[in-house]
Protein chains: 2
Amino acid sequence: MQLKRADVVTGGLALLDAEGLDGLTMRKLGAHLGVRAGGIYWHFRNKEALLGAMADRIVGEVTATPLPLGAWDARLAEMAHRIRRALLAHRDGARVVAGTYVTEPNTVRGGQQAVRVLTDAGFPLDRAGWVVFAAMYYVLGHTIEEQAQRAEGDWADRGADLPDTELNRAMEAVVRADPEERFTYGLELFLDGVRLRLAEVRP
Amino acid sequence: MQLKRADVVTGGLALLDAEGLDGLTMRKLGAHLGVRAGGIYWHFRNKEALLGAMADRIVGEVTATPLPLGAWDARLAEMAHRIRRALLAHRDGARVVAGTYVTEPNTVRGGQQAVRVLTDAGFPLDRAGWVVFAAMYYVLGHTIEEQAQRAEGDWADRGADLPDTELNRAMEAVVRADPEERFTYGLELFLDGVRLRLAEVRP
DNA sequence: ACCTGAACACCGTTCAAGT
DNA sequence: ACCTGAACACCGTTCAAGT
């Protein structure tokens, strides 16, 4: 059976889960697919293009099922949580997605959906775009660190050589906290700002 | 003259500016320093450790000059802007810093300073840590994309193949907007949330 | 203490040639 | 159309040996 573009993406994600982003090489992927490394280049211009397609597949989970109806802020929060979960579903998923840019179909669809949630609520179109990008930066940053922490078991020891001051203990407590709760907290700070702006525009 | 740890970091940053993160190799850095690649390993355990030291030097700019006195939110905003500027001062600076973790001295000092700004304002210590990390995710995410955009001149063409709908034009307008203005807007959304939380705790 | 020389075990990418 | 074989130009890291 001949290889299709989608098979390469599927194989890439399987290899990603098995070896992580740093272990994802064209040679290993070729072996996994029963092909020499060079053969992949018939399907993808280069490794970056393949990673872009993988990223779009990961992000595709977000728009796979329709967003539940409800208040705009609940819908936006739901989207943010879905993105986080989609990224967490694959090893180094956040790093893969962070390294690619907006032009793939699922990513574009997701961005548009988020913008529409805001404009439907009365938010001006241009500022809605700014809000969506800003939120995405937060989600990516948070999840990248979550996965970095998950990868290295020795994260609890980070800063073990630091003096035991109240401040240092507070910093260490951050990385020991429940990631989901911490994610939600930061997301809500952000949404508070959006709510205020919306109240100004449409009182 | 013999090489010191600090010289390797300085040379690393010079090479980073010249070649970007992907062009920063141990061999090229060795050549730049008048040393074989292997020689660097006497000063740093591996490349990751070197990048960590470079990241801390970049971030060191933030605490180099004392924070002006004033309201807590103005001080926090000033720190965020300083971090952004420090990252922008070196090619791929944001990616370098995002790839390292909290334990280097300047990074720790900066984090502590930010936490103290919040606790001095009456914010509880543990939540202050959450806020500082969340803000850092936003700053890093924003600046990574800013620098990716700066690197590839063809960013304006991204999505040129997309249908010319109102939504797509809005998305494209985001990347064409003034980055500093966009950065400030997102930061303020975030600070609005913090202000609200502070008003709850200490009315 | 600080670095060289040389090797080890890899990379991404290209491209004539095969089927 | 789809892939092989083989090469090109690199990597990070290690380590005996030199000074």
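FYI, side chains are in, hydrogens and waters are out, and symmetry mates aren't considered; it's all heavy atoms of this structure. Below, chain A is the first sequence line, B the second, and so on; all start at residue 1.
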Relative to the ring of A:F183, is the ring of A:H142 parallel (under 30°), tilted (30 to 60°) or perpendicular (over 60°)? perpendicular
Using the P atom as the point on both nucleotides, what is the distance between D:dC10 and C:dA9, in whole Å? 22 Å
Whole angstrom is fine here: how far is it from OH in A:Y41 over to C1' in C:dC15? 13 Å
With sequence neighbours left out, what residues match B:A94 under side-chain contact (heavy atoms from CB on, under 4.5 Å)? B:L87, B:T143, B:I144, B:Q147
Exam field: side chain B:R91 to backbone B:L21, donor-acceptor pair closer than 3.5 Å: no
Under 4.0 Å between a side-chain N or O of A:H43 and OP1 or OP2 of D:dA1? no
Calculate the interatomic distance between A:L33 atom CG and D:dC3 atom P; express it in whole Å. 10 Å
Residue pairs involving residues 11-37 of chain A (criterion side chain to side chain donor-acceptor pair (under 3.5 Å); sequence neighbours excluded): A:D17-A:H90, A:D22-A:R95
DNA chain D-proximal residues of residues 5-21 of chain A, any heavy atom under 4.0 Å: none
Whole angstrom value for the distance that separates P of D:dT14 from CZ of B:R27: 13 Å
For DNA chain C, which consecutive runs of 3 or more Watson-Crick or G-U pairs (each distance under 3.5 Å) count as stems? C:4-8 with D:12-16, C:12-16 with D:4-8
Are A:R195 and A:E188 within salt-bridge range, i.e. N to O under 4.0 Å? yes
Taking side-chain contact (heavy atoms from CB on, under 4.5 Å) as the test, write out the residues that go with A:L125, two or more places apart. A:V115, A:T119, B:E166, B:L167, B:A170
In whole angstroms, how far is the C1' atom of D:dA1 from the CH2 atom of A:W42? 5 Å
Residues in side-chain contact (heavy atoms from CB on, under 4.5 Å) with A:V117, at least two apart? A:L67, A:W72, A:R75, A:L76
Say whether, by atom type as modelled, one donor and one acceptor occur between the side chain of A:D192 and the main chain of B:D192 under 3.5 angstrom. no
Sorted by chain and residue number, the side-chain contact (heavy atoms from CB on, under 4.5 Å) partners of A:P68 (sequence neighbours excluded) come out as A:E78, A:R82
Got a sec, which residues hit side chain to side chain donor-acceptor pair (under 3.5 Å) with B:Q113, two or more places apart in sequence or on another chain? none
Using atom names, set out every protein N or O paired with an N or O of nucleotides 4-6 of chain D below 3.5 Å, distance rounded to 0.1 Å.
| from | atom 1 | to | atom 2 | distance (Å) |
| --- | --- | --- | --- | --- |
| D:dT4 | OP2 | A:R36 | N | 2.7 |
| D:dG5 | OP2 | A:R36 | NE | 3.4 |
| D:dG5 | OP2 | A:R36 | NH2 | 2.8 |

Below 3.5 Å, can you tabulate the donor-acceptor pairs from side chains in residues 126-133 of chain B to any protein atom, sequence neighbours excluded?
none

Any salt bridge between B:E146 and B:R84, counting N to O under 4.0 Å? yes
When rounded to whole Å, the CE to P distance for the pair B:M26 and C:dC11 reads 19 Å
Please report, rounded to the nearest Å, how far the P atom of C:dC3 is from the NE2 atom of B:H32. 15 Å
For B:R182, I'd like to know if atom CZ has over 12 heavy atoms of other residues, nucleotides or ligands within 6.0 Å. yes
Let me check something: any side-chain donor-acceptor pairs from residues 40-57 of chain B under 3.5 Å, sequence neighbours excluded? List them with distances.
| from | atom 1 | to | atom 2 | distance (Å) |
| --- | --- | --- | --- | --- |
| B:N46 | OD1 | B:E48 | N | 3.3 |
| B:N46 | OD1 | B:A49 | N | 3.0 |
| B:K47 | NZ | B:L24 | O | 2.8 |
| B:D56 | OD1 | B:N106 | N | 3.1 |
| B:D56 | OD1 | B:T107 | N | 2.8 |
| B:D56 | OD1 | B:T107 | OG1 | 2.7 |
| B:D56 | OD2 | B:N106 | N | 3.0 |
| B:D56 | OD2 | B:N106 | ND2 | 3.4 |
| B:R57 | NH2 | B:T10 | OG1 | 2.3 |

Using whole Å, report how far NZ of A:K4 lies from P of D:dA1. 13 Å
Let's see if you get this right: which residues in residues 44-58 of chain B place a heavy atom under 4.0 Å from DNA chain C? none
With a non-hydrogen cut-off below 4.0 angstrom, is B:K28 in contact with a base, only sugar-phosphate, or nothing? sugar-phosphate
